[in-house]
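Below, read A as the first sequence line, B as the second, and so on, with proteins coming before strands; counting in each chain starts at 1. The figures here come from the full heavy-atom set of this structure, side chains too, leaving out hydrogens, waters and symmetry mates.
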Number of protein chains: 2
Amino acid sequence: MHTDQPVARRRGRPPRQRNELTDTRELLLRAGLEVLTEKGFSATGIDEILGRVGVPKGSFYHYFNSKEAFGLALIEGYGRFFARKLDRHLGNRALPPLLRLHAFVDDARDGMARHAFRRGCLIGNLGQEMGALPESFRDRLRDTFEDWQARFSACLVEAREAGEIAADADTDQLAAFFWIGWEGAVLRAKLEKSAKPLELFAGLFFASLPRG
Amino acid sequence: MHTDQPVARRRGRPPRQRNELTDTRELLLRAGLEVLTEKGFSATGIDEILGRVGVPKGSFYHYFNSKEAFGLALIEGYGRFFARKLDRHLGNRALPPLLRLHAFVDDARDGMARHAFRRGCLIGNLGQEMGALPESFRDRLRDTFEDWQARFSACLVEAREAGEIAADADTDQLAAFFWIGWEGAVLRAKLEKSAKPLELFAGLFFASLPRG
DNA sequence: CATTTAACTAGACAATCAGTCTAATATTTC
DNA sequence: GAAATATTAGACTGATTGTCTAGTTAAATG
């Protein structure tokens, strides 16, 4: 039985190749991310996003079933975006592990500064809004935090193996401690329009790490 | 010149004495606090608050000039409420200073647990929402955090004087560190519907305090 | 009782929300 | 060209938003 022969190719228009730069769906996601990191989910109307990109409403509901589905797509995209950022820094074997963590923190701080501290962290924003959000968001947000924590913890393990922190350090706990507090720092940085909360938190966090 | 004589008493109906328990204004504030700590400012409609209290819409704008004015009143009330809670614990001379801080943390955690971790901190909620809020909120929120931090720092000073923490500890910095991270912990506790983030953060915070 | 002032209410208002729907057009394969 | 699908276009709905005005009721004084 032939299987590598195109038995009955579908007629009609095939799905087009997605282009990262011009794809309408991608444009909507990008604009959505900008607005949601600034104002959150509930305070943002779909029309505002549409207006920015210059796309009519019909297109939105072609690409997304609902505002909820749009939010879920944003969470996933942002989670991956940040995971890549983490990997880029924490996997940089040119630096000792602790310095990699510092590099990540600096990068994240610079990212906030670049937008004049108007944009925060999408995951943190939505987490705080959970009371008014579709319940489907909860697990995704939790999973995202857990994922980031795991990457952070892995780097702490390397630091432990390199003798930079104490041999009996609980890296999972320390990573959780970091992310819990870091999200608070992002919140405050947005409120105060300043990098100080980020630097203060990161400074005392690193100082608090148990030394060998 | 007589001043204790009621020279020209105003005619007409006098402003009534506000009664803490039945006052409509107070009821609106109380209900508003419940909803806003749960869902935030933008996601909450005035109608929802009105519905809870059983007060018609027209009355709202008799007591408050706008939703914004309502929000400002809530911030002030919540700031004072929490300041009292802080004073009650941190001023308790029956306990050594560090234990007072622990007592406050436990109280705050129990408060969240009592509402099944659905309600967060009003100030933290609004801080995160700042991007979509009237700019008049920003200073009030900042001031509230500063106020809480000052009270926390004062207790740390007592701890330092009692030799519970290092003599050269920077109490202002430590208090800032605590509140930055604590708000993050409240956020996570709400997301995870669990006391764990609160306990984990508080645990490592206290462990990180520089010992004499 | 009449007047004055305050407390409170009823509902209209325009604006905006998320979401739906129908029709038209663009793009590709057969 | 015909067929099939992808995408666009935007009017429309019904619900909800914050705000406001005009009115009624309550309590005091002269």
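The side chain of A:Thr24 sits closest to D:dT8 out of C:dG19, C:dT9, D:dT8. The listed nucleotides are D:dT8, D:dT17, C:dA18; the one nearest the side chain of A:Tyr63 is D:dT8. Among D:dT19, C:dA18, D:dG10, the nucleotide with an atom closest to any side-chain atom of B:Lys67 is D:dT19.
A donor-acceptor pair is defined here as one N or O able to donate and one able to accept, closer than 3.5 Å; such a pair exists between the side chain of B:Glu129 and the backbone of B:Ser42. Not a single donor-acceptor pair under 3.5 Å links the side chain of A:Lys57 to the backbone N or O of A:Asp47.
The phosphate of C:dG19 has OP1 or OP2 within less than 4.0 Å of a side-chain N or O from A:Tyr61. For the pair B:Ser59 and C:dC8, the criterion of a side-chain N or O lying under 4.0 Å from OP1 or OP2 is not met. Considering only side-chain N and O atoms, A:Ser66 lies nowhere under 4.0 angstrom from the phosphate OP1 or OP2 of C:dA18.
In this structure, A:Phe41 and A:Gly58 both approach DNA chain C, and ranking their closest nucleotides by distance from the 5' end singles out A:Phe41.
If you measure from atom NE2 of B:His62 to atom P of C:dA10, you get 14 Å, rounded to the nearest angstrom. Following rounding to the nearest Å, B:Phe64 (CZ) and C:dC8 (C1') show an atom-to-atom distance of 14 Å. Atom-to-atom, CZ of B:Phe60 to C1' of D:dT17 comes out at 12 Å; the value is rounded to the nearest Å. As rounded to whole Å, 15 Å separates atom P of C:dA7 from atom CG of B:Leu28. As rounded to whole Å, 13 Å separates atom C1' of D:dC12 from atom CG of A:Asp47. Taking atom CZ of B:Phe70 as the reference point, atom P of D:dT17 lies 14 Å away to the nearest angstrom. Atom CD in B:Glu48 sits about 12 Å away from atom C1' in D:dT16, given to the nearest Å. Distance CD (A:Glu26) to P (D:dT7): 13 Å, rounded to an integer number of Å.
A:Arg142 and A:Asp139 are joined by a salt bridge, as a carboxylate oxygen and a charged side-chain nitrogen come within less than 4.0 angstrom of each other. Taking a cutoff of 4.0 Å between a charged side-chain nitrogen and a carboxylate oxygen, B:Asp147 and B:Arg151 qualify as a salt bridge. B:Arg84 and B:Asp87 are not joined by a salt bridge, as no carboxylate oxygen comes within less than 4.0 angstrom of a charged side-chain nitrogen.
Counting non-hydrogen atoms under 4.0 angstrom, B:Ser42 reaches nothing in the nucleic acid.
Taking 3.5 Å as the limit, the base of C:dG11 and the side chain of B:Lys57 contain no donor-acceptor pair of atoms between them.
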